[in-house]
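Working notes for the structure below.
What you see below is based on every heavy atom in this structure, not just the backbone, and it leaves out hydrogens, waters and symmetry mates. Computed from a predicted model, the values in this text were never measured in an experiment.
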Amino acid sequence: MIGFALANSRFLDPENIMGVIRSSAILGVMALGVTFVVISGNLDLSVGSMMSFSTIVVLDLHDKIGPALAIPAMFALTLCLGAFIGFLVGYLKLNSLIVTLGMLSAIHGLTLTWSGGQNMDIADKSGTWFSVFGQGEMLGIPVPILLFALLAATLGVVLARTPFGRKVYAVGGNGTAATFSGIRRARVVFLCYLVSAFCVACAGLIQASRSLGSQNTVGQGMELEVLAAVILGGASLLGGSGAIYKTVIGVLILGFIQNGLLLIGLQFYAQYVVTWIIIILAVWLDIGAKRGRFLSPIA
């Protein structure tokens with residue numbers, strides 16, 4: 001961060017900082033829900049495809065039934081997808097990596113089927129109030145940032161201050177011990193995936209409102225960025241540790257790194273390499289810290 005500031009004076013410009021936070025809001029909202037899933041000891045690789053689905057659905061229904069009905073309909077459909085994943089992982093105890101990897105493809109196919117392989121656009125872009133979620137401002141602050149902050153504050157309290165939040169940590173730390181302690185592990189995992197789906201629906205709403213049109217692959221690849229932000233924020237892939245405010249920090253760090261790379265002249269696709277490096281380093285540091293050494297004991 002210091003290097004980027006020294007390399008380009010625009011990096012610390014207030015307008016650039018606000019732009020980075022605003023552009024990171026969609027990724028951040030998705031990362032908030034995935035934080036619950038990761039802390040519970042599971043993964044969710046379907047969030048990118050699910051975001052594409054929610055964006056396409058709300059844009060398609062906007063012109064058919066109006067935004068007032070399209071928004072709750074989109075949330076209901078997205079939550080159904082999250083509930084299905086939660087049922088498979090929580091109640092059937094299937095591996096979350098395999099389930100969500102399969103759902104990534106399945107939801108992408110569902111999105112293409114819904115849209116007929118076509119991109120979606122709102123017909124009357126200038127005559128709808130739907131744009132307020134992605135383009136509006138309140139007290140001089142962009143609405144996407146306000147929604148991100150509101151969700152982060154609410155979910156932060158839920159995770160840190162409620163019995164459900166403590167159960168999420170218990171299930172992720174030691175699922176067997178949590179079960180013998182009387183915690184319904186399946187229900188906790190199921191609810192974590194519902195929280196993740198709700199956050200994805202919020203991100204899809206912001207994305208659709210921001211552009212009032214979308215490609216049916218708008219969320220493709222975002223699952224890795226989301227996971228990188230969550231891990232960068234300190235959540236352990238082994239489960240049982242992490243926090244919402246740390247995820248927010250991880251999202252902002254990732255956003256500023258990507259912005260800095262662009263400002264110093266690197267092409268946008270360099271971000272993918274940096275994201276991969278961040279994931280590898282973060283996982284290595286996490287596992288090394290837990291076992292007390294950074295090299296395998298059998299190496």
Side-chain angles (χ1 to χ4, degrees), residues 28-47 50 75-76 78-103 147-203 223 226-251 282-283 286-287 289-291:
V29 169
M30 296 170 66
L32 297 177
V34 174
T35 301
F36 277 77
V37 175
V38 172
I39 292 177
S40 71
N42 296 289
L43 293 173
D44 192 351
L45 298 179
S46 66
V47 291
M50 197 181 297
F75 270 84
T78 307
L79 286 173
C80 286
L81 294 176
F84 181 64
I85 297 173
F87 174 77
L88 294 178
V89 177
Y91 288 96
L92 297 188
K93 293 182 172 56
L94 302 181
N95 184 277
S96 62
L97 175 64
I98 302 302
V99 169
T100 57
L101 189 60
M103 287 299 292
L147 292 176
F148 179 31
L150 178 62
L151 273 174
T154 302
L155 294 179
V157 171
V158 170
L159 188 59
R161 302 293 182 183
T162 66
F164 172 69
R166 289 191 287 271
K167 290 176 182 178
V168 173
Y169 282 106
V171 168
N174 191 322
T176 303
T179 301
F180 281 113
S181 299
I183 297 175
R184 296 182 179 179
R185 176 187 172 278
R187 175 191 281 183
V188 172
V189 172
F190 177 82
L191 291 176
C192 285
Y193 278 100
L194 277 185
V195 171
S196 180
F198 176 80
C199 290
V200 171
C202 292
E223 55 278 343
V226 169
L227 191 59
V230 173
I231 296 172
L232 191 60
S236 173
L237 286 178
L238 302 177
S241 66
I244 291 296
Y245 79 91
K246 292 181 180 180
T247 293
V248 172
I249 294 174
V251 168
V283 172
D286 174 55
I287 294 177
K290 287 186 178 299
R291 68 187 178 195

V248 and L32: CA distance, side-chain angles, deciding distance, side chain to side chain contact (heavy atoms under 4.5 Å, CB included) verdict: CA-CA 8 Å; V248 172; L32 297 177; 4.1 Å; yes
Side chain S181, main chain I183, donor-acceptor under 3.5 Å: no
Donor-acceptor contact below 3.5 Å, side chain T247 vs main chain G233: no
Flag side-chain contact, heavy atom, 4.5 Å: L227 against L237: yes
Side-chain touch I244/V157, heavy atoms, less than 4.5 angstrom: no
Residue pair K93 / R185, side-chain heavy-atom distance below 4.5 Å: yes
Heavy-atom side-chain contact between C192 and N42 under 4.5 Å: no
Heavy-atom side-chain contact between T100 and E223 under 4.5 Å: no
For A235 against V38, the heavy-atom pair lying closest together: CB-CG1, 4.1 Å
Residue pairs fulfilling ring-ring contact (aromatic ring centres under 6.0 Å, His included) with at least one residue in residues 163-197, sequence neighbours excluded: Y91-F190
Closest approach of V251 to A229 (non-hydrogen atoms, all atoms of both residues): CG2-CB, 3.7 Å
Over all atoms of both residues, closest heavy-atom pair of G250 and L232: O-CD2, 3.6 Å
Flag side-chain contact, heavy atom, 4.5 Å: L155 against C199: yes
S40 side chain vs V37 backbone, donor-acceptor pair below 3.5 Å: yes
